[in-house]
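Here the structure is laid out as structure tokens; the discussion comes afterwards.
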Amino acid sequence: MLEVQNLSMRFGGLLAVDGVSLDVKEREIVSIIGPNGAGKTTVFNCMSGFYKPSGGKILFEGQEVQGKPDYKISRLGMVRTFQHVRLFNNMTVVENLLVAQHRHLNTNLIAGLLKTPDYRERERKSLDRAAYWLERVGLMDLANREAGNLAYGQQRRLEIARCMVTEPKLLMLDEPAAGLNPAETKDLNQLIVSLKEDYCVSVVLIEHDMSLVMDISDRINVINQGRPLASGTPEEIRQNKDVIKAYLGEA
Amino acid sequence: MAANTLKHALFCAVVTLVIAYPILGLNLEAEGINVTLAGADTSTVISVIAAAIVVFLFQLFRENILSALKSIPSPLPKTQKEPMAENKRARIESWVLTGIVILALFWPFFVSRGSVDLATLVLIYIMLALGLNVVVGLAGLLDLGYVAFYAVGAYTFALLSQYAGVSFWVALPIGACLAALFGFTLGFPVLRLRGDYLAIVTLGFGEIIRILLNNWTALTGGPNGVGGIPDPTLFGMEFGRRVKEEGNVSFHETFGIAYSGEHKVIFLYLIALVLAVFTALVIRRFMRMPVGRSWEALREDEIAARSLGLSRTAVKLSAFTIGAFFAGFAGTVFASKQGFISPESFVFLESAIILAIVVLGGMGSQIGVVLAAIAVTILPELAREFSEYRMLIFGAAMVLMMIWRPQGLMPVRRIHIPLRKQE
Ligand SMILES: Nc1ncnc2c1ncn2[C@@H]1O[C@H](COP(=O)(O)OP(=O)(O)OP(=O)(O)O)[C@@H](O)[C@H]1O
Ligand SMILES: [Mg+2]
């Protein structure tokens, strides 16, 4: 469903991403790994429309999306999380989930003022969807707390829930396990697998936690200094000489 | 560290001297056609030096003074008190608010004409501040030219009545919509701007409108302003002693009561009250709707908002447009109340005062904004004797507020949203 061909991104003199290709099928978890500064987040930024790539193509369900504005890409069903959690901190947890469902914002200004039955129905639906996902990630009791007051692990989960209420087809997670303790990482592992199994979402995952990556990925792409280094199943990657060298060299 | 503070304090004191002495200490005296420079008398010199010493000492002990100020407990209640049960709180709140509105409806019949007039002005400021609150408090877009939309509303009514004989009730929606259109138009060039840059552009926009009104003499009468703006009518009944327009009747004759100038003042107050309540209710509703939440989302984190499919363009433009709409409302009422308007009424200071109301009230909070509007308009009137020190007191109040209670009089309370358990 997603195909990235020969993507490159240049910042002035720095070629941060150079010829990276990626291929994600329905209900698949594909990971992108690589040392710090390899260009993983930059690939995400191009895919989600934050940067206009300097070269290459991004096809989502057969449609070219490179260079489209970010909000349009997200409306197509490609939604991302951020390496550093980005919540609406002064809004409550539910409100965070409601905002995510506001894509048809300008159509119902009058309907909303008058509280037409149609508007109420829609409002009720988005509340129910929010409640569903809060229960799913175990934040129901904190629904009316301000998002900024949550613990770090809870904020991470809320960010994923916030993506899920938009009913995406493809979810891009940028280091979701960073800063989590082992128990939380285990929960996250199960959550991501369940997103794929139960909600038919494809996942692109950037992660440094190797055990998590090896455990849940269907395929892995390795990037080093902006260039693709290897790709294949977890088993193949584990044995790949270049990958071992890059990682040992880094360490 | 200490040496640095000393240097800084000395520098500030010297700056004070350099600025204050020429301004206060040197006088120009005219002798025939010549102008001579005369030194000041000793008392002025002494006070300038005293001021420099005060600045020096303050800067030197700044840390201690500020921390001492902070340690004085704030006279206002703390924000983080035990939360009341949600539905109980909401019920009490709506009862209290309804009570206040009912009181406000009957109050003008028992007080002097001057107070009613002042109260009308307060209501106009409440409308303005509630509207600006959308732009600054909710959407987080610092708008320093808000007074321009107020001017558009006021001038729309003034000019329509002068050239086309349009009445208040027809001009009210036109003025508001035209102001909204201006808000929309301003929104476009500033879409990409944030923070300081946005503030500067909006500031410029406000000045452009004022200067335009000042110089387009053929249409607006320039600095002379527009006069003879009619009062609102009640179902075709006029409030003047004599009927001005063909076909209208006068209020006091219809009801067979003696003419009194107070009727008009009270009527205008009631209109302002209804419009202010309308403004508050509509914006309150917006805050619970997708538009309102997307304003706040944009303020909180623009990148995250966009990544969730919110269009920055739509969100920003809606905030500017809706904010300007209510300024247009306020402007129309203002024009009708004054009967005469000129560019003088729409200077930058007005924008600053409205902004101060929003900040004092607690960004985004409606009740806070209403309280602050009352305080900022009424206190200077009560302290008439100190009118020369008005801005000084105002400034001091702002500084103290920012030290003690940066979140404003009544910081926003998030809306509690009950959820149903899902299976
Ligand atoms: N907006 C930008 N302007 C200039 N250079 C950038 C920009 N964004 C990223 N870079 C550079 O591109 C390179 C790749 O950065 P990127 O954030 O994609 O790495 P990463 O693989 O996500 O690393 P990490 O694992 O630390 O998150 C880095 O050298 C970075 O400095
Ligand atoms: Mg990164």
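Numbers restart at 1 for each chain; the letters A, B, ... are given by sequence-line order, proteins then strands. Bear in mind the structure is a predicted one, so any value in this text is a computation, not a measurement. Just the heavy atoms: all of them, side chains too, but no hydrogens, waters or symmetry mates, feed the values below.
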**Request:** Kindly determine whether E302(B) and R312(B) satisfy salt bridge (charged side-chain N to carboxylate O under 4.0 Å, His left out), including the steps that lead there.
**Result:** CA-CA 8 Å; E302(B) 186 179 320; R312(B) 179 177 63 180; 3.1 Å; yes

**Prompt:** How are the rings of Y132(A) and Y199(A) set to each other: parallel, tilted or perpendicular (split at 30° and 60°)?
**Reply:**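 Judged by the thresholds at 30° and 60°, the geometry between Y132(A) and Y199(A) is perpendicular.
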
**Asked** Using the ring of each side chain (for Trp, its six-membered ring), is Y51(A) parallel, tilted or perpendicular to F11(A), with breaks at 30° and 60°?
**Response** perpendicular

**Request:** Determine whether M47(A) and V4(A) make a side-chain contact, defined as any pair of heavy atoms from C-beta on separated by less than 4.5 Å.
**Result:**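 When only atoms from C-beta onward are counted, V4(A) and M47(A) do touch, with a gap below 4.5 Å.
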
**Message:** Report which part of I303(B) has an atom under 4.5 Å of a heavy atom belonging to chain A: side chain, backbone, both, or neither.
**Reply:**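 For I303(B), the contact with chain A is made by backbone and side chain together.
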
**Asked** Non-hydrogen atoms of chain A under 4.5 Å away: do they reach the side chain of R293(B), the backbone, both or neither?
**Response** both

Counting only pairs under 3.5 Å, give me each side-chain donor-acceptor contact of residues 89-96 of chain A, with atom names and distances, residues two or more places apart or in other chains.
residue	atom	partner	partner atom	Å
N90(A)	ND2	E300(B)	OE2	3.2
T92(A)	OG1	E95(A)	N	3.3
T92(A)	OG1	E95(A)	OE1	3.1
E95(A)	OE1	T92(A)	N	2.9
E95(A)	OE1	R414(B)	NE	3.1
E95(A)	OE1	R414(B)	NH2	2.9
E95(A)	OE2	R414(B)	NH2	3.1
N96(A)	OD1	F88(A)	N	3.0
N96(A)	OD1	R162(A)	NH1	3.4
N96(A)	ND2	F88(A)	O	3.2
N96(A)	ND2	T92(A)	O	3.0

**Request:** Heavy-atom distances under 4.5 Å only: say whether L134(A) touches chain B with side chain, backbone, both or neither.
**Result:** side chain

**Asked** Measuring heavy-atom distances to chain B, does E159(A) have an atom under 4.5 Å in its side chain, in its backbone, in both, or in neither?
**Response** neither

**Fill in**
One option among M140(A), M78(A), R80(A) has the most heavy-atom pairs under 4.5 Å with chain B, and it is M140(A)

